[in-house]
Amino acid sequence: MADGTVITISSEDVGTIIKGTAKTRTDGTDTVIDINDLSSITIYLRNPNGTVTTHTATATNVDGGTDGIWSFTTASAIFSEEPGIWKIQAKYVYGGGNIFYSQIKNLTIGEALL
């Protein structure tokens, strides 16, 4: 999830690729998380009405995740009939049981003219 970037997705889009980078912050410094160290990445999307859905993300690049970049692709029009500001947050679960959450970011969902 890019810092300060406004993302606009149409409410009827299918096959949208949503990407983010797993990072940890210590004393104001961001460090990329090696996704190979994680047992799962769950993405939470909250629509403008407060309903939350979950999605499973995986490493995006061929390096297996050392760059921290994850993604998931929408298989249906998950944003259908809910234009507005959505919230997105990632949950990172380590094999040893530690769990960390990303910062919450906004997704702008535009109305489709159907």
Side-chain angles (χ1 to χ4, degrees):
M1 295 172 282
D3 291 334
T5 301
V6 175
I7 301 168
T8 303
I9 301 168
S10 174
S11 62
E12 294 299 321
D13 285 353
V14 176
T16 301
I17 300 169
I18 298 177
K19 291 183 179 182
T21 303
K23 296 180 182 178
T24 184
R25 178 171 284 181
T26 304
D27 297 326
T29 301
D30 288 340
T31 304
V32 170
I33 296 171
D34 183 345
I35 293 176
N36 294 310
D37 296 337
L38 302 176
S39 61
S40 68
I41 304 169
T42 303
I43 306 303
Y44 295 93
L45 292 173
R46 184 173 66 209
N47 71 19
N49 292 325
T51 303
V52 176
T53 58
T54 60
H55 308 273
T56 301
T58 58
T60 299
N61 297 317
V62 294
D63 70 355
T66 58
D67 60 3
I69 299 174
W70 54 258
S71 69
F72 76 93
T73 304
T74 61
S76 63
I78 62 174
F79 304 110
S80 183
E81 301 176 17
E82 293 290 339
I85 304 298
W86 286 55
K87 303 287 184 184
I88 184 170
Q89 185 175 39
K91 175 183 176 183
Y92 306 119
V93 178
Y94 284 83
N98 292 340
I99 299 172
F100 297 98
Y101 291 86
S102 71
Q103 294 180 347
I104 298 170
K105 301 288 185 171
N106 291 335
L107 293 174
T108 302
I109 306 302
E111 185 176 358
L113 298 177
L114 300 175

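In this text, all values refer to a predicted model and were calculated from it rather than measured experimentally.
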Side chains of W70 and I43: closer than 4.5 Å at any heavy-atom pair? yes
ILVMFWY cluster membership beyond Y101 - transitive side-chain contacts under 4.5 angstrom: Y44, V52, V93, I99
Interatomic distance, D37 atom CG to Y92 atom OH [nearest 0.5 angstrom]: 13.5 Å
Between CG on residue N106 and NZ on residue K87, distance to nearest 0.5 Å: 3.5 Å
Nearest heavy-atom approach of Q103 to R25 is NE2-NH1, 3.9 Å
Would you say the side chains of D34 and N36 form a donor-acceptor pair under 3.5 Å? yes
For a quick test of reading the model, state the closest non-hydrogen atom pair linking V32 to T21 and the distance between them. CG2-CG2, 4.4 Å
Taking side chain as C-beta onward, heavy atoms only, is P48 less than 4.5 Å from W86? yes
Evaluate the side-chain proximity of L45 to L107: yes if any heavy-atom separation is below 4.5 Å, no if none is. yes
Shortest non-hydrogen contact between T60 and K19, atoms and distance: CG2-CE, 3.9 Å
Any chance you could measure T58, atom OG1, to I35, atom CD1, to the nearest 0.5 Å? 8.0 Å
Are I104 and I88 packed together at the side-chain level, in the sense that at least one heavy-atom pair is separated by less than 4.5 angstrom? no
Calculate, to the nearest 0.5 Å, the distance between atoms NZ and OG1 belonging to K91 and T54 respectively. 9.5 Å
